[in-house]
Student: 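One structure follows; several queries about it will come next.
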Protein chains: 2
Amino acid sequence: MSAARQSPVPAPLSKARLRLWLRLLKATGEVEAELRRRLRAEFDTTLPRFDVMAALARAPEGLRMSEISERLRVSNGNITGIVDRLVQEGLALRVAVPGDRRAMVARLTPKGQEVFAEQATAHEQWVDHLLAGLDGDDLASMAAQLDRLTGHIRKECD
Amino acid sequence: MSAARQSPVPAPLSKARLRLWLRLLKATGEVEAELRRRLRAEFDTTLPRFDVMAALARAPEGLRMSEISERLRVSNGNITGIVDRLVQEGLALRVAVPGDRRAMVARLTPKGQEVFAEQATAHEQWVDHLLAGLDGDDLASMAAQLDRLTGHIRKECD
DNA sequence: GTTTGAAATTTCAAGCCTAAACTAAAATTC
DNA sequence: GAATTTTAGTTTAGGCTTGAAATTTCAAAC
């Protein structure tokens with residue numbers, strides 16, 4: 001009738017990991033939701049569009065469709081649609097690739113560059129304010145932990 | 001021409017916060033993507049369906065549509081569709097609420113409970129393995145940091 | 001009791017997302 | 001150089017997501 005354990009403890013770490021995962025999901029989701037809200041409210045755009053424009057902004061020569069989908073880790077067909085809409089709004093262009101008639105390069109228009117520059121500035125500030133609860137030490141230790149996490153996952157999932 | 005600063009440094013913290021945000025997004029996204037993959041591969045289901053079933057599993061009496069959408073923080077119309085599909089698969093039921101002819105309660109069927117129990121066990125193990133890169137100290141410090149983060153956000157966004 | 005306003009849910013339009021099928025154009029192999 | 005395979009991209013079907021409109025019912029005020 002004592003409190004002695006009958007079997008090796010099944011690692012409460014497992015429960016702690018699940019709880020941390022839920023917290024991680026919650027925190028990330030809240031920040032992301034707020035960023036989406038503001039992108040919508042301030043610039044009438046979306047996070048996926050912003051992400052594609054961010055990728056294009058770093059590549060003045062433009063990026064092939066497949067390069068965009070690799071960098072953003074989303075499917076190929078997805079990019080087709082998002083670039084369609086950017087083109088339709090005059091923010092991006094599709095350019096044929098000289099040597100390869102299968103390939104297309106997407107590139108920001110001057111208007112697209114201008115619009116993105118504004119959005120990027122605001123975005124950086126928003127993130128700064130939203131994460132203001134974390135000081136320098138937090139940032140450093142969390143960065144290390146997240147690196148451990150992603151490092152482990154890469155092993156876990158081959 | 002010296003390296004003297006002309007103005008108060010614009011806080012490199014802001015850049016560090018942006019970089020941390022990207023890391024957070026990446027780590028969370030990778031874990032989430034892997035969980036989705038496995039839910040699909042092992043149980044032919046999706047994360048949203050799993051989340052709804054998890055909410056219902058904690059409420060044997062069932063939950064009103066609006067209660068589900070509040071707990072999961074997704075829109076009302078969204079839940080309609082997900083519950084539709086759960087019902088169609090025989091995992092959940094819609095029950096009329098006696099006192100209020102507007103309201104509906106969703107509840108797991110016995111089959112739904114059974115199916116979910118299996119999924120939940122696997123899910124907990126998956127998370128444990130995916131987060132195995134974090135030890136007890138990591139979990140504790142990260143939990144505290146994430147709480148600071150969400151605490152601050154709640155103030156930031158009213 | 002009727003009107004008015006609020007609440008619970010569904011429906012709808014639009015966008016995001018994926019996996020799989022499809023098309024067209026290389027690149028390789030024989 | 002013709003056949004095969006690979007690669008780039010789009011299309012399609014199905015599901016998730018939201019915000020806004022529409023429905024039905026309830027509650028409150030009158």
Side-chain angles (χ1 to χ4, degrees), chain A residues 25 29-30 32-41 43-53 55 62-89 91-107, chain B residues 25 29-30 32-41 43-53 55 62-89 91-107:
Chain A
L25 212 48
E30 284 179 10
E32 194 174 318
E34 186 61 24
L35 292 175
R36 285 181 197 272
R37 254 192 297 281
R38 293 187 188 183
L39 281 171
R40 168 67 63 209
F43 297 111
D44 191 31
T45 190
T46 65
L47 200 46
R49 276 200 263 266
F50 177 80
D51 289 340
V52 168
M53 291 183 80
L63 291 176
R64 289 154 101 105
M65 294 298 152
S66 48
E67 285 176 319
I68 304 175
S69 64
E70 275 163 32
R71 294 193 189 196
L72 269 45
R73 283 147 211 266
V74 299
S75 72
N76 229 328
N78 193 357
I79 296 299
T80 297
I82 296 175
V83 169
D84 278 353
R85 283 178 279 273
L86 289 178
V87 167
Q88 203 178 331
E89 290 169 22
L91 302 172
L93 279 167
R94 268 197 183 82
V95 184
V97 173
D100 188 339
R101 283 192 293 174
R102 293 169 303 179
M104 294 298 265
V105 156
R107 185 190 294 191
Chain B
L25 212 48
E30 285 179 9
E32 197 175 317
E34 185 61 22
L35 292 175
R36 285 180 197 274
R37 253 192 299 281
R38 294 187 187 182
L39 280 172
R40 169 66 64 208
F43 297 111
D44 191 32
T45 190
T46 65
L47 200 47
R49 276 200 265 264
F50 178 80
D51 288 341
V52 168
M53 290 184 81
L63 291 175
R64 289 154 100 105
M65 295 296 155
S66 48
E67 284 176 318
I68 303 176
S69 65
E70 274 163 32
R71 294 193 189 194
L72 269 43
R73 283 147 212 267
V74 300
S75 72
N76 232 328
N78 193 357
I79 296 300
T80 297
I82 295 174
V83 170
D84 278 351
R85 283 178 279 272
L86 289 178
V87 168
Q88 204 178 331
E89 292 170 21
L91 302 172
L93 279 168
R94 268 196 183 83
V95 183
V97 173
D100 188 341
R101 280 193 295 175
R102 295 169 301 180
M104 293 298 264
V105 157
R107 182 191 295 190

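Bear in mind the structure is a predicted one, so any value in this text is a computation, not a measurement. No hydrogens, no waters, no symmetry mates; every other heavy atom, side chains included, goes into these values. Proteins get letters first, then strands, A, B, ... in listed order; numbering begins at 1 in each.
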Student: Mind checking what makes side chain to side chain contact (heavy atoms under 4.5 Å, CB included) contact with B/L25, not counting sequence neighbours?
Tutor: A/T28, A/E32, B/W21

Student: Could you state the CG-C1' distance from A/D51 to C/dC16, rounded to the nearest angstrom?
Tutor: 12 Å

Student: Measure CG/B/L39 against C1'/C/dT18 and give the value in whole Å, please.
Tutor: 15 Å

Student: Could you state the atom-to-atom distance from CE of A/M65 to P of C/dA24 in whole Å?
Tutor: 18 Å

Student: Which donor-acceptor pairs under 3.5 Å do the side chains of residues 65-80 of chain A make with protein atoms, sequence neighbours left out?
Tutor:
residue : atom : partner : partner atom : Å
A/E67   : OE1  : A/R64   : N            : 2.8
A/S69   : OG   : A/S66   : O            : 3.1
A/S75   : OG   : A/N78   : N            : 3.4

Student: Along nucleotides 15-24 of chain D, 5' to 3', which nucleotides get a B, which get an S, and which get a -, given that the test is a protein heavy-atom distance under 4.0 Å?
Tutor: SSBB-----B

Student: Partners of A/R94 by salt bridge (Lys or Arg N to Asp or Glu O under 4.0 Å), sequence neighbours excluded?
Tutor: A/D84

Student: Apply side chain to side chain contact (heavy atoms under 4.5 Å, CB included) to B/R40 and list each qualifying residue two or more places apart in sequence or on a separate chain.
Tutor: B/D44, B/T46

Student: Can you list the residues that meet the salt bridge (Lys or Arg N to Asp or Glu O under 4.0 Å) rule with A/R37, with sequence neighbours excluded?
Tutor: A/E34

Student: What is the distance, rounded to the nearest whole Å, between atom CE of B/M104 and atom P of D/dT25?
Tutor: 12 Å

Student: Using every non-hydrogen atom in the two residues, find where A/P48 and A/I82 come nearest and quote the distance to one decimal.
Tutor: CB-CD1, 3.8 Å

